[in-house]
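Only one structure is covered here, and it is reproduced in the block below.
In the text below, chain A, chain B and the rest are named by the order of the sequence lines, each starting its count at 1. Just so it is clear, the values below take in all heavy atoms, side chains as well, and ignore hydrogens, waters and symmetry mates.
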Amino acid sequence: MEFSKQTTQQIFPRIKENIVGVSIVGKIENLRIKEEFKEADLLVATHSGIIPISLKLSKSGAFVNTKSAGAKSFIEKYFSYFQDAGFYQKELNQLIERNYYHMGQTLYQMIGLDFKGEFDESWLEEGYSELPGQLPLEMKKIVQKNYQQTISHIYAILEKMSHEREPFARSLLNLIGLGHPDMLQVICFNKKINNGESYELESIYIGDCAEKMQEVGHFEMMPFNPQISSLEIRFPGFQLQIRIKPMNKFTTPSYKINCSVHYGVKHAKS
DNA sequence: TGACTGCCGTTTAGAAATCG
DNA sequence: CGATTTCTAAACGGCAGTCA
């Protein structure tokens, strides 16, 4: 395939040493290795060490999904430079439980039943789905309000931590997909041609920690928009979107935090 | 079994284009 | 012009899998 050939040619110049081996992370069974190299897809071995490579394929102009984290460990895991991370996490988790309970009560009340702390058989027996996309509009609104209240609290935590700019910026590196100091992030942007019949490589973007570190230091928290379930942090050349959503079913109090980056200039809103 | 992760798909608001 | 249609990116959704 033409895509892969061009991508390889872009990657080569970024690797100073001779390549002595390449392996695919998905095929490695050793968990310790997988853990160490985070979101890498490929490991390139050179004489002086291993370079992890994260490959991304994305429509040009679209957000590139860099991380999907679990909400109940998000702060602790990705903002571990902060002493208070554990405390904030606990607080957040309590809020998640409370909001979940409240959402359950509200929804059960709408169908004239009593919420006992979880979505039980009676929910399904009444013919309602566990997937938010299948819900009647009024119920969907309740569910989304829950997401929004939760992301609002996450915003408050991030805002507080962001005053300590250095550790905060370092934490953000993880979220934009550079979880390892030697990581090369390779994003292939493609665009549709002849009416969506086929695709064509538009550009290839390659980033690493060293150059990203500069930009990340200039982060700016965008004002919180209570209408939506995401927040945004802006950098000189790109923006990071942090979104909360259910893992899959909304009927359990566990959510995931999707992080995506958008390159190029989006027109400022203000 | 519930928490977590990666990757990708669908719906929809509102911008842009086109029409009468 | 305002009304209407078209189009796109933002917002929202979900599957398939791992792991403890």
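With C:dA10, C:dG13, B:dC7 as the choices, the nucleotide that has an atom nearest any side-chain atom of A:F63 turns out to be C:dA10. Taking the side chain of A:K256 as heavy atoms from C-beta on, and the options C:dG14, C:dG13, B:dC4, the nearest nucleotide is C:dG14. Picking from C:dA11, B:dT5, C:dG13 the nucleotide with the shortest atom distance to the side chain of A:M247 gives B:dT5. Picking from B:dC8, B:dC4, C:dG13 the nucleotide with the shortest atom distance to the side chain of A:K77 gives B:dC4. Of the candidates C:dG14, B:dC4, C:dA10, the closest approach to any side-chain atom of A:N258 belongs to C:dG14. The side chain of A:A69 lies closest to B:dT5, out of B:dC7, B:dT5, C:dC12. Side chain of A:S229, nearest nucleotide from C:dC12, B:dC4, C:dA11: C:dC12.
Atoms CG (A:N248) and P (C:dT18) sit 16 Å apart, rounded to a whole Å. Distance A:L231 CG to C:dA11 P: 11 Å, rounded to the nearest Å. A:K59 has its NZ atom 13 Å from the C1' atom of B:dC7, to the nearest Å. Distance CZ (A:R243) to C1' (C:dG13): 7 Å, rounded to an integer number of Å. Taking atom CG of A:N174 as the reference point, atom C1' of B:dT5 lies 15 Å away to the nearest angstrom. B:dG6 atom P lies 17 Å from atom CG of A:L57, rounded to whole Å. As rounded to whole Å, 16 Å separates atom P of B:dG6 from atom CZ of A:F37. Taking atom CD1 on A:I242 and atom P on B:dT5, their separation rounds to 14 Å, with Å as the unit.
For the pair A:Q241 and C:dA11, the criterion of a side-chain N or O lying under 4.0 Å from OP1 or OP2 is met. Between B:dC7 and A:N65, no contact under 4.0 Å exists linking OP1 or OP2 to a side-chain N or O. Side-chain N/O atoms of A:S68 include none lying less than 4.0 angstrom from OP1 or OP2 on B:dC7. Between C:dG14 and A:Q134, a contact under 4.0 Å exists linking OP1 or OP2 to a side-chain N or O. OP1 or OP2 of B:dT5 has at least one side-chain nitrogen or oxygen of A:Y78 nearer than 4.0 Å. The shortest distance between the side-chain N/O atoms of A:Q144 and the OP1/OP2 oxygens of C:dA11 is not below 4.0 Å.
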Practice task
Kindly determine whether A:Y263 and A:Y205 satisfy ring-ring contact (aromatic ring centres under 6.0 Å, His included), including the steps that lead there.
Solution key: CA-CA 9 Å; A:Y263 291 88; A:Y205 170 89; 4.3 Å; yes
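When atom types are taken as modelled, the side chain of A:Q241 and the backbone of A:S260 share no donor-acceptor pair closer than 3.5 angstrom.
For A:K245 against C:dG14, a side-chain-to-base donor-acceptor contact under 3.5 Å is present. You won't find any donor-acceptor pair under 3.5 Å spanning the side chain of A:K140 and the base of C:dG13, going by distance alone. The base of B:dG2 does not come close enough to the side chain of A:T252 for any donor and acceptor atom to sit less than 3.5 Å apart.
Between A:Y101 and A:F115, the ring centre distance stays below 6.0 Å. Checked against a 6.0 Å centroid threshold, the rings of A:F168 and A:Y81 do not count as neighbours.
Both the sub-6.0 Å distance and the 45° axial angle are not jointly satisfied by A:K256 relative to the ring of A:F74. For the pair A:R165 and A:F219, the distance from NZ or CZ to the six-membered ring centre is under 6.0 Å and the angle to the ring normal is within 45 degrees.
The residue A:K249 sits apart from the nucleic acid: no heavy atom pair falls under 4.0 Å. At a threshold of 4.0 angstrom between heavy atoms, the contacts of A:E130 with the nucleic acid are absent. At a threshold of 4.0 angstrom between heavy atoms, the contacts of A:N93 with the nucleic acid are absent. Nucleic acid contact for A:S254: sugar-phosphate only, since backbone atoms but no base atoms lie under 4.0 Å from a heavy atom of the residue.
Side chain to side chain, A:S129 and A:Q134 fail the donor-acceptor criterion of an N or O pair below 3.5 Å.
Along DNA chain C, the nucleotide nearest A:P132 and the nucleotide nearest A:I228 are compared for position; the residue whose nucleotide lies closer to the 5' end is A:I228.
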